[in-house]
Every structure is written in structure tokens, then in C-alpha cells.
Novice: 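A single structure is presented below for examination.
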Amino acid sequence: MKITAALSGHGGEAPQLVELEQEAPRAGEMRVRLVATGICHTDLHEHPGRHAPQPIVLGHEGAGVVEELGEGVSGFAVGDHVILSGSSCGKCPSCLAGRPTYCDLAMPLCFGGQRLDGSTALCGEEGAIHSHFFGQSSFATHAIVPQRTAVTMPKDLPLEKLGPLGCGVVTGAGGVIEALKVGFGDSIAVLGTGAVGLSAVMAAKLVGARRIVAVDLSDERLELAREFGATDTLRGDEDDLGGKLRAITGRGMDFTFNTTNSVAVHQLALEALAMNGTAGFVAAPHGPFDPKMFGMLAGGKQLRGILGGDANPQTFLPLLAEYWRQGRLPFDRMLAFYPFAEIDRAFADAQAGTVIKPVLLMENDA
Ligand code: ZN
């Protein structure tokens, strides 16, 4: 079948729209007609070529309608509304324990650009095009997805808004709720308030955290963080941020949640912790980083990597959609919509940070 997709690997600033041939879904896969797809920093980082092979169709916050079922697919019907999350094998100990973001095969399944047997679902003029990015490659009008990648959504919810639940929102909200298990009376500093950080702020409010401190360089984002539930805000360029964060509770933060790759912010995340505190992070430091192990030991502190919010998409994403419906997780206030044909403008705005979460509309009614 002919589809339109945005291709990375030609050296341009943004993926380029091309017509490709897409094969039918194989056993255990479905064809999803995409309605919208969010753009995430992982797409920006992968576009010039990093972990995944090229040429490839990126995109991993897809939302769409099931159009065709491969052999053996169960639990889905043509016409179902779905959002797409990461791919996982379903058989390893992590998957069996309900922790599919730490699937033993997460790297080849999400970044391999192909199925485990080496085949891809896409073909262009010059031959095979890599597909299956995060099990979806959703910068396209249609995606071939393993059924484990798809999560059913209620049909009365606005599907075009829901894609970011599958990566950006779950990374922040799951990070706070599932990974760090922040609760009533706890304090947390959220370092960096992009889509992931702002989702973390909303989640910290949902679980009743006592102090929720947002730190960022953008006054506009700090204002939004306050509206989403931050009790305190600090600009990231202030002096002695560690001291100021510690002073807010008088003894430091129970949790920090770092969404940045800055070495200085990684240091700050540990410095701001109270005794027995935990520093969660979702991006690795961009250079050499010294966690000062004696301080970790003496303070009983933990440093905790978190992927995909530790969440099981099949159970957690429907919950997020339900909280949104109730008005308690207003993540849609972060979204900015673009027609698919303007993916270059959406990429430029995402790079420049002038929008928080760009979302491409495949059906062109932005
Ligand atoms: Zn697995």
C-alpha cells in the first residue's frame, strides 16, 4: 500500500515527506491509520542519526485508528482507537513482571529500525526503509505496529490529543507515580519543565506531594508549572540553587526528577536531596559526571534511571486518559498542532523550544 511518511537520513534539518510502499501487517501486527503524532526530543536526537539505522521513519507518539489486523491479533478490532507506546517482547522477565520499558529486547525493538528477523515494513525508490521505530514509526499516514505497542482508548475522547500520553506524558507522570512513588507529604523538585517535567508536576499534585518545586530557565514555563500544581518555582540561572532547594523544606528534597542532560543539573539533583532522598533521571548527563559517592553513602541516597515512567502502558495509559477526562491531568494545554506537511516548522519550533509539545495532524485540519 502507498503511504506518505517523513523520512530521516538525507541530511536535512527535518524529516522529508515522501511516498513509500508499506507492506501488509504480519502475524501479531496491525495497520494503524494515524490521526496525529507528537514530536519528542528522542525524535530530534535520532533525526541526524544516533542509535537507529537510516534511512528511517521516526515518530513514537502516534494516535490512530486500527485499519487492518494481521494473523493472530487478539483484543483489537478494525475501527478501534489506539495510541502507540514502546515495543517490547512480552516474554522476558521484565515484560512478565509488567515492566516492559525494561524489556530485555528494548533496544533492538525500539531502536533497531526493523523487526527482530531483520525485515522492515517500508520500501522506497532506493530499497528498504527502516521502520518499527519504538514499534511504530508514526511520522506517517499509516504504521505497521506489533499489537503490544497499541493501547485502546475510549472512542469519545479526542484522539488527536492523546498521542503524547504514550511517551512524553507517561515519562513524567509514570516517573513520579510508578518509579519514584512520590506520595502525600513528600517534597519533589522537578528540574526542567518541558513536556516531561510539566507532566511530572501534574502527577506530583495528583498524588498529594506537599512541596512541588519547578526549576527552569523559562519564566513562561515556570508560570505554567504553577498552574499545573508547582508550589514553588526557581529560575535555573539563580545562584546557589542547591542551597535554595534545600532551604524550601529546611532539609532538602525527598525526591528530585531531572529531565535534562546537563551535567550541572545532574549534580544539582543530588545536592538538593534530603537524607534518604532519591534522584530520578530520564536523560543521561552530557559529559563526565561525579555523583560524589561518599555523600550518596552517608545520606543513604539513590540515583535512579527511569525509562518510559516505569509504566505498563496497557494499564497506565488508560488511567492517564481517565484523569485527563476528569480535568485532573490537563496535559493538552502543552500541545501545539501542525499539519503533517509542516513537519519542518514543527521540528524547528521544537528545537528552538518555542513550543512545549508539537503534535502533527495527519488529516490536515490544524
Ligand atoms: Zn521483554
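Ligands are counted one by one from 1 in listed order, and the atoms in each one are counted from 1 as well. Just so we're clear, the structure is a prediction, and the values are computed from it rather than from any experiment.
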Novice: Report yes if the side chains of Thr37 and Val359 come closer than 4.5 Å at any heavy-atom pair, otherwise no.
Specialist: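 Side-chain contact under 4.5 Å: no.
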Novice: State, yes or no, whether a side-chain contact exists between Phe337 and Lys161 at a heavy-atom distance under 4.5 Å.
Specialist: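 SC-SC contact between Phe337 and Lys161 confirmed.
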Novice: Is there a chain of hydrophobic side chains (I, L, V, M, F, W, Y, each step under 4.5 Å between heavy atoms) that links Leu34 to Phe133?
Specialist: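 Same cluster: Leu34 reaches Phe133 through Ile, Leu, Val, Met, Phe, Trp or Tyr contacts under 4.5 Å.
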Novice: Would you say that Ile188 contacts Phe257 through its side chain, given a criterion of any heavy-atom pair below 4.5 Å between the two side chains?
Specialist: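 In contact.
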Novice: Quick check for you: within a radius under 2.8 Å, how many protein N, O or S atoms neighbour the Zn ion (ligand 1)?
Specialist: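 For the Zn ion (ligand 1), protein nitrogen, oxygen or sulfur atoms under 2.8 Å: 4.
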Novice: Is Val213 isolated, or which residues cluster with it under the ILVMFWY side-chain rule of less than 4.5 Å, directly or via members?
Specialist: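 Besides Val213, the cluster holds Leu191, Val215, Leu234, Leu241, Leu245, Ile248, Met253, Val265, Leu268.
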Novice: Answer whether the closest heavy-atom distance between the side chains of Phe316 and Val170 falls below 4.5 Å.
Specialist: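 Side-chain contact under 4.5 Å: yes.
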